[in-house]
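Just follow the structure's listing: the first ligand is 1, and inside any ligand the first atom is 1.
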Amino acid sequence: MESSSSAGVRFSSQGKSAERSILRGNSERWVRAIAASPGIAIGAAVILSPQKGTPAAQEAEPLDEWQRYQMAVEALRAEWGQAREIAAAEAPAVVPIIDSYLRMLTEATLKERIWKAVAAGSTVERVLQQVFEPIIGRLRRSSSVSFQERGVELEQVFHRLLSLLQQQRLDYSRVAGAIVVATALTPSDVLLLHRAGAQGFVTAVGGITSHTTILARSLQMPAVIGLRGAIGAIAEGDPLVVDGYTGVVVIHPDGETCRRYERHRDSTEWRRRILVRFTKLPAETTDGRRFRLMVNLTSMQDVEEALLVGAEGIGLVRTELLPLQLGRLPTEEEQFHWYRQIAERFYPQPVTIRLFDLGGDKYSYEFVPERNPALGMRGIRFLLARREILRTQLRALLRAAVMPNVRLLVPMVSTEQEVFAVRHELEVVRQCLAGEGILYGERLPFGIMVETPAAALIMERLAPLADFLSIGSNDLTQYTLAVDRTHEMLAELYDPFHPAVWRLMVHVVEVARRHGIPVCVCGEITAHAQATELLVGLGVEELSTMPAAIVPLKHRIRRLSFREARRILLSTLNTGQEGLTI
Ligand code: PEP
Ligand code: MG
């Protein structure tokens with residue numbers, strides 16, 4: 001264990017990547033792992049954890065062992081049956097998962113294997129260890145995230161069986177108002193704990209893409225997972241704070257920490273309570289046209305806000321803010337951690353990471369004066385001129401893309417060649433990572449930003465090269481109208497409602513529809529109340545906006561009719577203009 005000291009705060013690490021621990025004063029202890037489900041929970045710990053020790057094998061009597069096993073299976077089956085009923089009413093998506101667990105438990109070959117080993121004189125615990133651990137190990141070492149998660153889930157089932165074998169059943173009456181600390185929890189545990197009034201949970205194992213995590217998020221139950229030392233570090237009855245926003249768990253918080261977290265919880269809870277009715281509703285027009293409302297992420301602070309307002313993903317991560325804030329280029333590691341963290345927080349919703357859009361008005365860390373910066377070395381042009389920067393970012397992105405919800409977006413495209421060049425670099429980087437044995441995501445949806453008139457007008461050629469499109473209406477307005485978006489004297493001419501801009505957008509959406517690819521609009525116009533009807537009429541699938549605009553935007557969408565909005569868009573564009581077919 002290494003430790004260092006800073007301003008009376010002692011940091012210690014046990015060499016585990018996800019976990020960090022800070023000791024403050026005599027008793028307050030901060031540990032940090034994976035933020036699985038947002039929210040703040042404050043309460044006493046209730047421990048649910050099996051002892052892994054196995055009774056001596058020579059004392060095992062086969063029929064007794066077999067009976068113990070059958071009783072544990074029955075107990076688990078009863079628990080899951082109850083959870084299944086709750087799931088059917090509250091979280092139908094979990095029902096098939098519980099069914100698959102039930103099938104696994106009663107699977108004939110598994111039963112036969114266990115019986116044979118028990119008959120040969122082994123304890124059930126030892127047999128379960130022999131059966132489950134190699135499979136769990138193989139799955140967890142797999143390069144596929146979904147296999148890794150299945151490994152985590154199998155581990156959860158395994159631990160649950162061990163608990164039941166040791167007669168450890170959770171007394172649900174004890175968990176009301178408490179925070180459950182467990183080695184592992186299955187989705188059905190989470191349902192039952194939620195029903196029993198548990199405030200939140202901390203687990204030693206668990207993955208961000210696991211069904212347990214997804215369920216905790218949908219039940220709005222604060223959770224921190226992957227805290228490997230949780231069981232040893234936290235004792236029954238310990239006062240805890242669980243910060244599901246940052247992954248921090250405070251053990252024995254002092255009065256000041258408690259008050260600070262209570263204030264944080266109360267203010268977010270107050271807003272959440274007001275918003276909750278609304279965040280659960282879909283962004284759907286009166287005639288059933290559904291939109292995905294996402295957030296443009298400009299800083300890590302936006303993450304919490306985006307979760308609170310019920311954003312359905314991140315439509316744009318402005319990654320250039322990293323070099324601009326740091327005053328230097330971020331390393332591959334820094335980028336990887338940032339991208340991965342965001343992807344984890346939003347899983348399974350999409351997270352769209354845009355390549356650095358440096359240049360134009362966003363040029364500061366490496367200032368190269370340009371006569372005409374908006375028309376100069378900006379976005380993908382800059383990156384293709386500085387391939388080492390592009391490759392580092394692509395490496396970080398591909399590594400983060402082990403999270404299946406990561407998408408890549410290329411800014412400032414104006415030619416097909418730029419797209420070919422990025423795709424080529426992506427391939428080169430992929431091969432390098434494979435050669436170095438570094439884990440990366442096989443699947444990385446490729447998006448093109450449409451923010452130059454050129455890109456809009458060659459859409460027939462660009463669309464086949466993309467998995468999705470994102471219309472950057474801020475720049476599309478600037479370049480279509482030849483008006484500098486930052487020029488205070490031209491503010492009146494900078495008009496995102498100009499029909500020329502909308503005609504380009506309509507064309508892009510039409511071509512994209514023919515090619516079967518989704519389109520997002522991510523410029524500031526999405527936050528403009530008067531634009532909502534036109535955006536709805538445009539017929540895009542996604543809108544990405546600032547966090548504060550999500551709720552009012554959804555509210556407006558829900559009052560509109562798509563048919564009517566489309567009619568209005570068409571008549572607006574056709575007014576005084578030659579025939580426009582859309
Ligand atoms: C846009 O141009 O509309 C956009 C979303 O990108 P940015 O504002 O970051 O240039
Ligand atoms: Mg732009």
Cation-pi between R407 and F468: NZ/CZ under 6.0 Å from ring centre and within 45° of the ring axis?
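The answer is yes, since R407 meets both limits relative to F468.
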
Pi-cation contact, Y494 with R485 (under 6.0 Å, within 45°):
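That pair does not qualify as a cation-pi contact.
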
Criterion salt bridge (charged side-chain N to carboxylate O under 4.0 Å, His left out) on R430 and E425, from CA distance to verdict:
CA-CA 8 Å; R430 222 177 234 139; E425 290 299 334; over 6 Å; no

Residue portion contacting ligand 1 (non-hydrogen atoms closer than 4.0 Å) for [X]:
| X | answer |
| --- | --- |
| N296 | neither |
| M412 | neither |
| D357 | side chain |
| R318 | side chain |

Got a second to check how far S561's OG is from R566's CZ, nearest 0.5 Å?
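Going from the OG atom of S561 to the CZ atom of R566 covers 12.0 Å.
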
Check whether any heavy atom of R378 sits under 4.0 Å from an atom of ligand 1.
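Within the 4.0 Å threshold, so yes.
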
Residues which pass salt bridge (charged side-chain N to carboxylate O under 4.0 Å, His left out) with R423, listed by chain and number, not counting sequence neighbours:
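Testing R423 for salt bridge (charged side-chain N to carboxylate O under 4.0 Å, His left out), a comparison that skips the adjacent residues, returns none.
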
Check each atom of ligand 1 against the heavy atoms of [X] and keep those under 4.0 Å away; list them by number with element.
| X | value |
| --- | --- |
| R485 | 2 (O), 7 (P), 8 (O), 10 (O) |
| L316 | 5 (C) |
| C522 | 5 (C) |
| G523 | 3 (O) |
| G472 | 1 (C), 2 (O), 3 (O) |

Counting both backbone and side chain atoms, is some N or O of R354 under 3.5 Å from an N or O of ligand 1?
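Yes.
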
Side-chain (K554) to main-chain (P282) donor-acceptor, under 3.5 angstrom
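Not confirmed, K554 side chain does not pair with P282 backbone.
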
If you check every N/O/S atom of D475, which is the one nearest the Mg ion (ligand 2)?
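The Mg ion (ligand 2) is closest to the D475 atom OD2, counting only N, O or S.
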
Applying side chain to side chain contact (heavy atoms under 4.5 Å, CB included), can you list everything that pairs with A500, at least two apart in sequence or on another chain?
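Listed in chain order: T480, H498.
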
Would you check if the Mg ion (ligand 2) lies under 2.8 Å from any N, O or S atom of E451?
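It does: E451 brings an N, O or S atom closer than 2.8 Å to the Mg ion (ligand 2).
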
Can a side-chain donor-acceptor contact be found between R354 and T319 if the only test is distance below 3.5 angstrom?
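The answer is no; no qualifying pair exists.
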
Other residues, nucleotides and ligands only: do more than 12 of their heavy atoms fall within 6.0 Å of CD on E492?
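Open.
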
